[in-house]
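Quick caveat, the model's predicted, so the values are computed rather than measured. For the numbers below, each heavy atom of this structure counts, side chains included, while hydrogens, waters and symmetry mates do not.
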Amino acid sequence: MEIKKPKGTNDILPEEVGKWHYLENLLREKSETYGYKEIRTPMFEHTELFVRGVGDTTDIVGKEMYTFMDKGDRSITLRPEGTASVCRAFLENKMYGDGSIKKLYYMGPMFRYERPQKGRYKQFNQYGVEFLGSKEPVTDADVIKFAVSLLDETGLKDLELHINSVGCPKCKPVYREALVEYFQDKKDQLCSSCLERLEKNPLRILDCKNESCKEASKDAPVMSDYLCEECDPHYKEVKEYLSASNVSFIENPRLVRGLDYYTNTAFEIIAKDFAAQGTVCGGGRYNGLVGSIGDRDVPGIGFAMGMERILLLMEEKNLSVDSERTLDYYIIGMGSEAEKLSFKLVNLLRENSYYAEIDYQSKSFKNRIKYADKLKAKYVIIIGENELEKNTVIIKDMEAGIQEEQDLTIFMNNLKGEQ
RNA sequence: GUGGGUGUGGCGAAGUGGUCAACGCACCGGAUUGUGACUCCGGCAUUCGUGGGUUCAAGUCCCAUCACUCACCCCA
């Protein structure tokens with residue numbers, strides 16, 4: 001039985017690694033210009049971190065974590081997202097030490113145990129940023145604007161920015177109560193999972209796609225009417241900042257992010273016409289998160305982007321960029337002596353930064369030159385018995401179709417001379 | 001966890017009960033025994049995911065199983 005890759009994982013093959021490099025470079029470069037420094041945290045953490053950070057009522061913690069006991073009987077979890085780890089590292093390394101704000105970014109694989117489908121995998125890659133240490137509205141706008149700029153840079157169009165405020169521990173419960181109250185006499189219209197949500201997380205009823213639930217929640221109270229004296233002006237200011245920098249957004253009172261830690265601003269960037277997984281970027285403010293995993297409360301806001309989803313979208317819009325290095329020299333040596341010389345030559349070329357190849361399969365001459373053509377080599381160097389005797393090589397310009405004989409020593413000296 | 005779709009050579013893809021399982025790409029060999037496009041000629045699946053069953057006869061029908069895929073839940 002042939003061994004296959006685990007479901008929901010992907011091999012990134014040489015033909016497609018180019019676009020990954022492109023995206024990674026773009027993200028790194030933009031991060032630097034916006035003042036974010038890279039942070040790399042472990043791919044696994046103590047399970048407790050995610051339980052406390054992400055929240056045990058969330059689906060991520062409830063049913064999607066790759067959790068196992070290690071040999072020391074510790075419960076370990078493959079990271080399902082990046083924010084909790086970054087906050088942990090922030091605290092553990094006392095990065096608050098200089099009293100200033102920290103702008104961090106990360107990139108790498110995340111793991112969630114769920115049924116894979118288009119744009120969703122068990123191992124997937126996220127790029128994300130965390131802006132720690134400020135609760136000023138300008139921070140929210142700054143982070144959101146950055147996310148929008150990044151996606152602009154990829155060339156993707158038809159993206160929508162949705163924003164909402166989910167309030168704080170002071171006003172969120174009041175709103176929650178109001179919602180539960182509202183749905184009391186509409187229970188018969190709700191689907192079975194929404195009935196559960198009514199108990200566990202009534203806010204999520206709002207973005208249920210079931211028609212009947214949509215209908216039932218049509219006149220439901222909205223969070224914005226319940227924002228407290230702190231959250232209300234905060235939300236307004238964030239919107240003002242966004243407008244001031246010409247960021248167009250859609251206020252979506254039904255936007256409820258799935259993770260427990262969000263407070264105030266929540267946002268998503270959605271690809272309208274993308275299959276089921278249209279959310280390319282999701283994020284928001286999490287003023288209580290750092291406090292919940294450490295002994296120090298630090299406000300923060302951040303977002304995460306699904307790199308596979310971005311790449312998938314770019315492909316659909318024919319925006320993918322592959323840059324493959326072209327072969328400079330392909331060396332054909334006929335006969336074992338010529339092959340030894342070819343091996344010496346190819347290394348000399350490589351040492352001089354040329355992309356050069358020799359034939360590894362000892363096939364016929366015709367076969368080799370055909371192969372050189374297939375590899376799109378710019379030049380082919382031919383060494384046969386005649387050349388060996390005369391101490392020369394034939395350099396063939398594949399595009400022009402012309403070739404010339406050159407003295408081997410001169411050719412080699414020229415190469416060395418270029419160093 | 002729930003539901004739908006698919007499974008034929010390296011890849012794409014015909015074939016819906018009855019001769020040797022089309023075709024295209026790729027690959028290999030030859031025409032051109034040291035020269036790459038193109039063209040021409042030839043080669044390339046004892047076998048149709050796997051196991052069982054129905055039948056005189058199965059890639060084609062039935063059952064089971066596995067794999068892949070899409071969607072729901074939820075999310076990036």
Side-chain angles (χ1 to χ4, degrees), chain A residues 1-10 15 54 57-65 79-83 106-128 147 151 191-194 196-197 200-201 204 207-210 213 255-259 268-271 274-283 302-313 330 332-335 338 361 363-388 394-403 405:
Chain A
M1 182 57 177
E2 201 177 336
I3 298 175
K4 303 261 217 22
K5 66 176 156 48
K7 194 196 277 286
T9 62
N10 287 306
E15 306 87 74
V54 180
T57 64
T58 62
D59 278 18
I60 291 184
V61 172
K63 55 181 199 187
E64 294 173 1
M65 292 207 300
R79 61 178 187 192
E81 57 105 55
T83 304
Y106 60 86
M107 200 182 323
M110 304 295 164
F111 307 84
R112 289 186 201 170
Y113 191 88
E114 52 189 338
R115 267 278 187 59
Q117 64 194 65
K118 188 168 187 169
R120 162 189 291 165
Y121 311 99
K122 288 182 166 184
Q123 177 180 332
F124 60 103
N125 290 276
Q126 279 189 339
Y127 162 88
L151 291 167
C191 67
S192 58
S193 48
C194 277
E196 253 179 73
R197 292 187 180 113
K200 291 200 308 199
N201 197 341
R204 286 207 216 138
D207 64 1
C208 183
K209 282 152 197 122
N210 187 300
C213 298
L255 172 61
V256 181
R257 310 244 52 242
L259 286 62
E268 272 181 17
I269 298 176
I270 297 160
F274 194 51
Q277 269 62 48
T279 307
V280 172
C281 172
F303 64 76
M305 303 211 267
M307 295 176 70
E308 280 82 358
R309 289 185 185 177
I310 292 173
L311 255 14
L312 226 44
L313 269 175
Y330 187 82
I332 301 175
M334 300 302 289
Q361 297 192 75
K363 291 188 177 170
S364 69
F365 181 81
K366 191 195 183 84
N367 193 285
R368 295 186 192 192
I369 198 151
K370 237 175 157 168
Y371 191 61
D373 184 55
K374 201 177 119 185
L375 294 179
K376 300 193 183 78
K378 284 201 281 261
Y379 298 99
V380 171
I381 297 177
I382 301 165
I383 308 165
E385 279 173 34
N386 301 339
E387 290 73 30
L388 227 41
I394 287 171
I395 315 273
K396 174 162 183 164
D397 181 328
M398 291 297 275
E399 205 182 327
I402 50 173
Q403 62 186 51
E405 196 164 355

Let me have the donor-acceptor pairs involving side chains of residues 378-388 of chain A, under 3.5 Å, with sequence neighbours excluded, atom names and distances please.
from   : atom 1 : to     : atom 2 : distance (Å)
A:K378 : NZ     : A:D328 : OD1    : 3.0
A:E387 : OE1    : A:G384 : N      : 2.8

query = Given the P atoms of B:rG18 and B:rC61, what is the spacing between them in whole Å?
reply = 11 Å

query = Within a reach of under 6.0 Å around OH of A:Y371, are more than 12 heavy atoms found that belong to other residues, nucleotides or ligands?
reply = no

key: Under 3.5 Å donor-acceptor pair, A:E114 side-chain atoms to B:rA76 base atoms   = yes

query = Roughly how far apart, to the nearest Å, are B:rG49 and B:rA13 at atom P?
reply = 14 Å

query = Nearest heavy-atom pair of A:P80 and A:M65: which atoms, and what distance?
reply = CG-SD, 4.2 Å

query = Measuring from A:S364:OG to A:M334:CE, what's the distance to the nearest 0.5 Å?
reply = 7.0 Å

B:rA37 to B:rA26 separation - P atoms, rounded to the nearest Å = 12 Å

Base-contact (B) and sugar-phosphate-only (S) positions in nucleotides 29-35 of chain B, heavy-atom cut-off under 4.0 Å, - elsewhere = S--B-BB

task = Take atom CE of A:M107 and atom C1' of B:rA76, then tell me their distance rounded to the nearest Å.
result = 15 Å

note = Under the rule of Watson-Crick or G-U wobble with both distances under 3.5 Å, where | means paired to another strand and [ ] a crossing pair, RNA chain B maps to ((((((((.[[[..)..(....]]].(((((.......))))).....[[[[[..)....]]]]])))))))....

ask   = Honestly, is A:K63 close enough over A:Y113, meaning NZ or CZ under 6.0 Å from the six-membered ring centre and within 45° of the axis?
value = no

request  = Would you kindly give the CD-to-P distance between A:E64 and B:rA76, to the nearest whole Å?
outcome  = 10 Å

message = With side-chain hydrogen bond (donor to acceptor under 3.5 Å, both in side chains) as the criterion, how do A:N10 and A:Q123 come out once you've worked through the C-alpha distance, each side chain's angles and the decisive distance to 0.1 Å?
response = CA-CA 8 Å; A:N10 287 306; A:Q123 177 180 332; over 6 Å; no

inquiry  = Which residues pass the side-chain hydrogen bond (donor to acceptor under 3.5 Å, both in side chains) test with A:R112, not counting sequence neighbours?
reply    = none

ask   = Once you round it to whole Å, what is the distance between P of B:rU50 and NZ of A:K4?
value = 12 Å

task = Return the 5'-most residue of the pair A:A304, A:D373 with respect to RNA chain B, ranking by each residue's nearest nucleotide.
result = A:D373

message = Measuring only the C1' atom in each nucleotide, how far is B:rC27 from B:rG53? A whole number of Å is fine.
response = 39 Å

message = With a 4.0 Å limit, can you tell me whether A:Q117 has a side-chain N or O closer than that to the phosphate oxygens OP1/OP2 of B:rA71?
response = yes

query = Separation of A:I270 atom CD1 from B:rA76 atom C1', in whole Å?
reply = 12 Å

request  = Round to a whole Å and report the spacing from CG of A:N10 to P of B:rC68.
outcome  = 12 Å

message = Taking B:rU69 as the reference, what is the distance to B:rG42 when you measure between their C1' atoms (whole Å, please)?
response = 39 Å

task = Looking at every strand, decide which applies to A:V380 at a 4.0 Å heavy-atom threshold: base, sugar-phosphate, or nothing.
result = nothing

remark   = Rounded to whole Å, the NZ-P distance (A:K122 to B:rC75) equals 18 Å

query = What is the nucleic acid contact for A:G128, judged by heavy atoms within less than 4.0 Å: base, sugar-phosphate only, or nothing?
reply = nothing

inquiry  = If I pick the C1' atom on B:rU60 and the same atom on B:rU8, what distance separates them, to the nearest angstrom?
reply    = 11 Å

task = Determine the contact category for A:Y371: base if any of its heavy atoms lies under 4.0 Å from a base atom, sugar-phosphate if only primed atoms, P, OP1 or OP2 are that close, otherwise nothing.
result = nothing

ask   = Got a sec, which residues hit ring-ring contact (aromatic ring centres under 6.0 Å, His included) with A:F303, two or more places apart in sequence or on another chain?
value = none

message = Could you tell me how far B:rG9 sits from B:rG15 if I compare only their C1' atoms? Round to whole Å.
response = 15 Å

inquiry  = Minimum heavy-atom separation for A:A304 and A:Y106, please, with both atom names.
reply    = CB-OH, 3.8 Å

task = Determine the contact category for A:E308: base if any of its heavy atoms lies under 4.0 Å from a base atom, sugar-phosphate if only primed atoms, P, OP1 or OP2 are that close, otherwise nothing.
result = nothing

message = Please report the distance, rounded to the nearest Å, between NZ in A:K370 and P in B:rA26.
response = 10 Å

ask   = Atom OH of A:Y330 and atom C1' of B:rG36: how far apart are they, to the nearest Å?
value = 12 Å

ask   = Hey, what do you get for CD1 (A:I332) to NZ (A:K366), rounding to the nearest 0.5 Å?
value = 12.5 Å

request  = Under 4.0 Å between any heavy atoms, over every strand shown, what does A:R368 touch: base, sugar-phosphate, or nothing? Just pick one.
outcome  = nothing

query = What interatomic distance, in whole Å, is found between P of B:rG59 and the corresponding atom of B:rC48?
reply = 7 Å

ask   = Within less than 4.0 Å of OP1 or OP2 of B:rC27, is there a side-chain N or O belonging to A:K374?
value = yes

query = Which residues satisfy the side-chain hydrogen bond (donor to acceptor under 3.5 Å, both in side chains) test with A:E64, sequence neighbours excluded?
reply = none

